Amino acid sequence: MSVLIIVFLTAVAALFSGVFEKGKLARYIGILGLIIALVVSFFPQAEFLNQYKAMYNYSDNAALFTKISLVTTLLLFFLGGFAFSNHRSHQSELYALMLFALCGGITLFGFQNLVTLFIGIEILSIPLYVLAGANKTDLRSNEASIKYFLMGAFATGFLLFGIAFIYGSTGSFDLMNIQDFSIANPNSIMFTIGVIMILCAMSFKVALAPFHMWSPDVYYGSPSLVTAFMASVVKISGFFALFKMMSIGFVGVTEQWIDILGVFVIITLLLANVMGLAQTNAKRMLAYSSVSHAGYIGLVFFGMNSMSTYTLAFYLFAYSLATVGVFMCLIYVEKIKKEASYEAFKGLAKSEPLLAVATSISLLSMAGIPLTAGFMGKFSLFAQALGNDDNVGIVLVAVLGSAISIAYYLRLIIAMFFFKETTFKTAEKATITYNIVAVFVIASLVLFGVFPDLFAKVFAFAG
């Protein structure tokens, strides 16, 4: 909760910097606050905050996911100076809204109560409805905002209805009381209906098919930095909340929901990868890529064991790093070329080799190519699922989806490296900040791919 308070105060400070016409300082305020929060996240929770444990518990797992969210958000803030250069009049609001959304994510990591779960989801979602429409003069951005809002409200209705069924069955919002009820009453129809409705609502938040319909249009229409935030930090928050809810609160009725989730995962893996293959725009391709990764992450529910939470954290961090690496390049190209088609990336390696290498390694990591963190993440998820012979089919679908994804990732790599002529002018160089982030992404993806145990040491996770 100490971290949550720091991030909240940072968001307020960033917001008020705009009031005093110091909006350009909001990014630096955000970076400083995130660094402080990241340092504090490595220390134990203050004892006087224990009185709130019934609602919010900063456990080891919550600390781990908080750390990876802070690191990802910090990297995105470093990219913000160039990405939000067209939003000089309201930069403070954009950075503040991202930090408020992060507060919602941090709330989800430690929720112990369905009320806290709901509050966390709404704090996470509402700023994003505004951020999606930040490009006020762009009709696609306006469409993204209204579509996200309407679909989000629809999903919230499902969530509240599900919570009502759960409370009606158990008489409690507490996660552990719900767990006890699920174990003692696995055949309760009202409880099972509530579980399925919450599963559907959370599937919307993490963009699992068939609840992904909003995702491609919202990701495509939103400002690219906001899209990167949605594809990384929001996915981290949503998936951990879903995992915690299903593996702890609803563990007694696993047989009732696991097959439904399996169908969602299979549809996601096949549909998203095939649709990704059909795209001609890199940003829209990355939107479908994000949906497909929701399918891979969904494998964490199959063959669950004591290492599942750590496996989930590793994959989400590897995927988030790769997302930052790709969107860093996308933002640069989009700013210069005013578009994000594959054609716009032609010859990028000639003028910005570091950016092109960072993007390529990020794409290879997303595809699960060996010696990258993405490969180790996928290998861990596949190995866990194969611990149960019943899961062979879903793993084969995941492998097929991963093979298809290589094709559309390679299209972008080929565009950057295999064209002799470049249309990028030497005067349009990436900033030093972008180059530093590129080096960090390359080093992290390779190091965690070669030495995966380093992840636990870096984030001080005891397990």
Side-chain angles (χ1 to χ4, degrees), residues 61 108 111 114 117 155 158-159 161-163 165-166 169-170 175-212 235 238-272 291-313 315-316 377-402:
N61 289 336
L108 289 177
F111 84 90
L114 292 184
L117 171 70
F158 266 81
L159 180 65
F161 212 176
I163 290 174
F165 273 101
I166 297 298
S169 303
T170 65
L175 193 61
M176 301 316 295
N177 290 341
I178 293 169
Q179 181 190 59
D180 293 340
F181 182 90
S182 73
I183 294 170
N185 303 275
N187 297 317
S188 170
I189 295 175
M190 183 184 289
F191 186 82
T192 302
I193 292 172
V195 170
I196 293 171
M197 296 193 79
I198 289 177
L199 173 61
C200 292
M202 295 304 295
S203 294
F204 168 87
K205 297 298 179 184
V206 299
L208 272 171
F211 303 96
H212 72 295
K235 216 170 215 64
F239 256 109
F240 180 70
L242 176 62
F243 180 78
K244 187 174 181 178
M245 194 73 245
M246 307 309 286
S247 65
I248 297 178
F250 303 150
V251 67
V253 292
T254 301
E255 291 183 2
Q256 277 86 330
W257 58 260
I258 193 69
D259 289 337
I260 297 172
L261 184 60
V263 172
F264 292 172
V265 169
I266 290 172
I267 296 172
T268 303
L269 289 168
L270 293 176
L271 180 65
V291 175
S292 74
H293 279 277
Y296 301 124
I297 299 166
L299 290 174
V300 76
F301 294 95
F302 298 87
M304 284 188 288
N305 55 46
S306 59
M307 289 298 292
S308 293
T309 306
Y310 178 79
T311 301
L312 176 64
Y315 189 94
L316 284 169
K378 279 188 180 178
F379 178 81
S380 300
L381 286 173
F382 292 176
Q384 175 191 299
L386 287 173
N388 187 331
D389 292 339
D390 294 338
N391 300 328
V392 173
I394 198 169
V395 174
L396 287 176
V397 172
V399 172
L400 175 63
S402 195

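These numbers come from a predicted model, not from an experiment.
T268 places a side-chain N or O within donor-acceptor distance of the main-chain N or O of A209, the cut-off being under 3.5 Å. A donor-acceptor pair under 3.5 Å is formed between the side chain of K244 and the backbone N or O of F111. One N or O on the side chain of N391 and one on the backbone of A385 form a donor-acceptor pair closer than 3.5 Å. At distances below 3.5 Å, not a single donor-acceptor pair connects side-chain atoms of Q384 with backbone N or O atoms of F379. In terms of modelled atom types and a separation under 3.5 Å, the side chain of Y296 and the main chain of G377 share no donor-acceptor contact. Put simply, the side chain of S308 never gets that close to the backbone of M304: no donor and acceptor are under 3.5 Å apart.
The two atoms that bring F301 and I258 nearest to each other are O-CD1, 3.5 Å, heavy atoms only. S402 and K378 get closest at one heavy-atom pair: OG-NZ, 2.8 Å. Nearest heavy atoms, Q179 versus V251: CG-CG1, 3.8 Å. Across all their heavy atoms, T309 and F243 have their closest contact at OG1-CE2, 3.3 Å. The two residues A201 and A155 have their closest heavy-atom pair at CB-O, 3.4 Å. Closest approach of Q256 and P186 over heavy atoms only: NE2-O, 2.6 Å.
Looking at heavy atoms from C-beta onward, H212 lies in side-chain contact with L271 at the 4.5 angstrom threshold. The side-chain heavy atoms of K205 and F211, taken from C-beta on, include no pair separated by under 4.5 Å. Two residues are said to be in side-chain contact when any heavy atoms from C-beta on lie closer than 4.5 Å; M245 and L117 meet this criterion. A 4.5 Å side-chain heavy-atom check between S380 and Y315 finds every atom pair outside the cut-off. You'll find the side chain of L108 stays beyond 4.5 Å of the side chain of F240, heavy atoms only. Residues I196 and I260 form a side-chain contact, since some pair of their non-hydrogen atoms from C-beta on lies under 4.5 Å apart. For the pair S203/L199, a side-chain contact is recorded, criterion being any heavy-atom separation below 4.5 Å from C-beta on. S169 is listed as a side-chain neighbour of F181, based on a closest heavy-atom distance under 4.5 Å.
I198 contributes atom CD1, which lies 5.5 Å from atom CG of L114 (distance to the nearest 0.5 angstrom). Once rounded to the nearest 0.5 Å, the distance linking OG1 of T192 with CG of N187 reads 7.5 Å. Taking CG from L175 and CD1 from I248, the interatomic distance works out to 5.5 Å, rounded to the nearest 0.5 Å. Atom CG of L312 sits about 11.5 Å away from atom CG of L299, to the nearest 0.5 Å. Interatomic distance, CG of L396 versus CZ of F382, reported as 10.0 Å (0.5 Å rounding).
For CD1 of I183, the number of neighbouring non-hydrogen atoms (other residues, nucleotides, ligands) closer than 6.0 Å is greater than 12.
With sequence neighbours left out, V397 forms a side chain to side chain contact (heavy atoms under 4.5 Å, CB included) with I266, L269, L270.
Partner of F191 under the ring pair (Phe, Tyr, Trp, His ring centres under 6.0 Å) criterion, chosen from F250, F165, W257: F250.
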